[in-house]
Amino acid sequence: MKSEPNEYSIDDLKRDRVAPWVGVRNYQARNFMRDEMRIGDLILFYHSSCENVGIAGIGKVSSEPYSDATQFERRGKYYDPKATKEKPRWMLVDIRFVKKFKRVIPLQELRQEKPLQNMITLRPGNRLSITAVTENEFQHIEGLI
DNA sequence: GCCAACGTTGGC
DNA sequence: GCCAACGTTGGC
């Protein structure tokens, strides 16, 4: 799960302990949270669009999917005029802090790892903010720390 | 700031 | 349903 650290970083999650993953406005990413994730699933927290791009730590899905409150905030940047309380368009899950890595594992380094060469988020041109990680990929990444 | 690669919108 | 125009993401 990607986040821009100047918006919301692994340190912010560590401080808050649990946070709703607000602001996803892409249907594929939404569907991932709404349909695929289960409570207890581990997630990799990725820092994007920043000085040290890469994986910063681990979180855990800690709620069922529910409506993203920011879609109704008229003055907020995540406001969606087409969403209604009866028919919310954007769903999210809560993410709980698990751990912060001792270092951010750089994107460049991830790209050089053979066992990660098929990782969805590393594919050229991928912009999706939430993508699947296989068990093997996850374990390999934990081994890089 | 540039630009590739998408995703979305809206006219037809 | 098609597709041009436009907007966004995100690495560099």
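None of these values were measured; they are calculated from a predicted model. In what follows, chains are A, B, ... by sequence order, proteins preceding strands, each numbered from 1.
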Taking C:dG11, C:dG10, B:dT9 as options, the one with an atom nearest any side-chain atom of A:Val53 is C:dG11

Looking only at side-chain atoms of A:Asn26, point me to the closest of B:dG7, C:dG10, C:dC12.
-> B:dG7

Rounded to whole angstrom units, what separation is found between the NZ atom of A:Lys82 and the P atom of B:dT8?
-> 11 Å

A:Tyr27 ring center near A:Trp90 ring center (under 6.0 Å) | yes

Any A:Tyr27 side-chain N or O less than 4.0 Å from OP1/OP2 of B:dC6 | no

In whole Å, what is the span from the CD atom of A:Glu51 to the P atom of C:dG11?
-> 14 Å

Given atom CZ of A:Arg127 and atom C1' of B:dA4, what is their separation to the nearest angstrom?
-> 9 Å

Separation of A:Ile130 atom CD1 from C:dG10 atom P, in whole Å?
-> 11 Å

Hey, which sits more toward the 5' end of DNA chain B by its nearest nucleotide, A:Arg89 or A:Gly125?
-> A:Gly125

Does A:Arg25 pair with A:Asp68 as a salt bridge, N-O distance under 4.0 Å?
-> yes

To the nearest Å, give me how far apart NZ (A:Lys77) and P (C:dG7) are.
-> 18 Å

A:Leu122 atom CG is separated from C:dG11 atom P, nearest whole Å, by 10 Å

Would you say the side chain of A:Arg25 and the base of C:dT8 hold a donor-acceptor pair, judged only by whether the two atoms sit under 3.5 Å apart?
-> no

Would one find a side-chain N or O of A:Lys2 under 4.0 angstrom from OP1 or OP2 of C:dT9?
-> no

Is A:Asp11 salt-bridged to A:Lys14, cutoff N-O under 4.0 Å?
-> no

Which whole-number value in Å describes the distance from A:His47 NE2 to C:dC12 P?
-> 17 Å

Among B:dG7, C:dG11, B:dT9, find the nucleotide with the atom closest to the side chain of A:Tyr46.
-> C:dG11

What's the verdict on ring pair (Phe, Tyr, Trp, His ring centres under 6.0 Å) for A:Phe45 and A:His47, showing C-alpha distance, side-chain angles and the deciding distance?
-> CA-CA 7 Å; A:Phe45 196 119; A:His47 282 178; 5.5 Å; yes

Give a yes or no on whether a salt bridge exists between A:Glu7 and A:Lys77, defined as a side-chain N under 4.0 angstrom from a carboxylate O.
-> yes

How long is the line joining CD of A:Glu4 and P of C:dT9, in whole Å?
-> 8 Å

